[in-house]
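Because the structure is predicted, anything quoted here is derived from the model rather than measured. As the structure lists them, so they are numbered: ligands from 1, and atoms in each ligand from 1.
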Amino acid sequence: MPEVLSAPLVVEFPFTRSLGPVQSAFLTGLRERTVLGVRTGDGKVLVPPVEYDPVTAEEIRDLVEVAATGTVTTWAWNPAPRRDQPLDTPFAWVLVRLDGADTALLHVLDVPGPEAVRTGMRVRVRWAADRTGAITDIACFEPYEGDADGSRPAPHSGEFTDPVTTIVTPARLDYTYTPGRAQTAYINALAERRTVGERCPSCRKVYVPPRGACPTCGVATAEPVEVGPRGTVTTYCVVNIKAAHTANLGIEVPYVYAHIALDGADLALHGRIGGIPYDQVRMGLRVEPVWTEGGRYPDHYRPTGETDADYDTYKELL
Ligand SMILES: [Zn+2]
């Protein structure tokens, strides 16, 4: 059995969302050291607030200000903080019901160890020094000696100067990725600038890239089949959105990303099309891979100059 590849894989992108009136008031409030909740039809105060009543599904806009002190309702110890977590020392994840609220907010508690945490303990907000209108404006919670005063939360207009209306949330997933036997063989062949798929012993389809099994027949594929290097654009899209990773590679928008059926393959793979104006790319365009020095996969595909492929030759590959 040849060695199966393994490598770190990070999927990371900034997620931009608009906030709407309730979340905008909540996050802008945090910037101003004010914690807002929302009152539901049956009089409960939800913190963090939501836009719709969880019982009646009615829109709710009745904002109230709750205290920056509260009670831990449950917790879990995190002995090894990861990158971008609120604290870089071990901490407790806590659900905190703030005084005046009926629901609990997820955040972190700064204490020396798990023996310093208990359900029912009193805590208060530690505000971040630099606040931007984000949940991280609460740096963390910290232990607090003091009872709730029992007062009802006061109504709040939710109006602030210069409200926060959108936030950018970084999403990041990091894996150790193991592609398995079939894709390891595919990747190793690519390093020699060969594209090798696998044929299904039952339906005879050649899968590129191979997944190790035929999804139609449910049987393992093992027979290696070299395909390409030329192929046919089966379908494509024009990309108009700039992304950091393409900009870093010197790829300007608009550009074309296409499904390409390599000659001999029964599955289209995808790649960027270059060497032709984006608005002249078409279904049936014949292309070939362009490799860069040291590249482990084709940088892009360019037109070969052949006559376009007949639709009937690739209509089953769309
Ligand atoms: Zn099959």
Q: Are Thr103 and Arg97 linked by a side-chain donor-acceptor pair shorter than 3.5 Å?
A: no
Q: Please step through side-chain contact (heavy atoms from CB on, under 4.5 Å) for the pair Ile135 and Leu30, ending with a clear verdict.
A: CA-CA 7 Å; Ile135 192 63; Leu30 295 183; 4.0 Å; yes
Q: For Thr216, which residues count as a side-chain contact (heavy atoms from CB on, under 4.5 Å) partner, sequence neighbours excluded?
A: Tyr207, Cys214
Q: With 2.8 Å as the limit, count the protein N, O or S atoms near the Zn ion (ligand 1).
A: 4
Q: Whether Glu198 and Arg181 form a salt bridge (side-chain N of Lys/Arg under 4.0 Å from carboxylate O of Asp/Glu) is what I want to check.
A: yes
Q: Does the side chain of Thr304 come under 3.5 Å of the side chain of Glu306 through a donor N or O and an acceptor N or O?
A: yes
Q: Hydrophobic clusters here meaning ILVMFWY residues chained together by side-chain heavy-atom distances under 4.5 Å, can you tell me if Tyr177 and Val4 are in one?
A: no
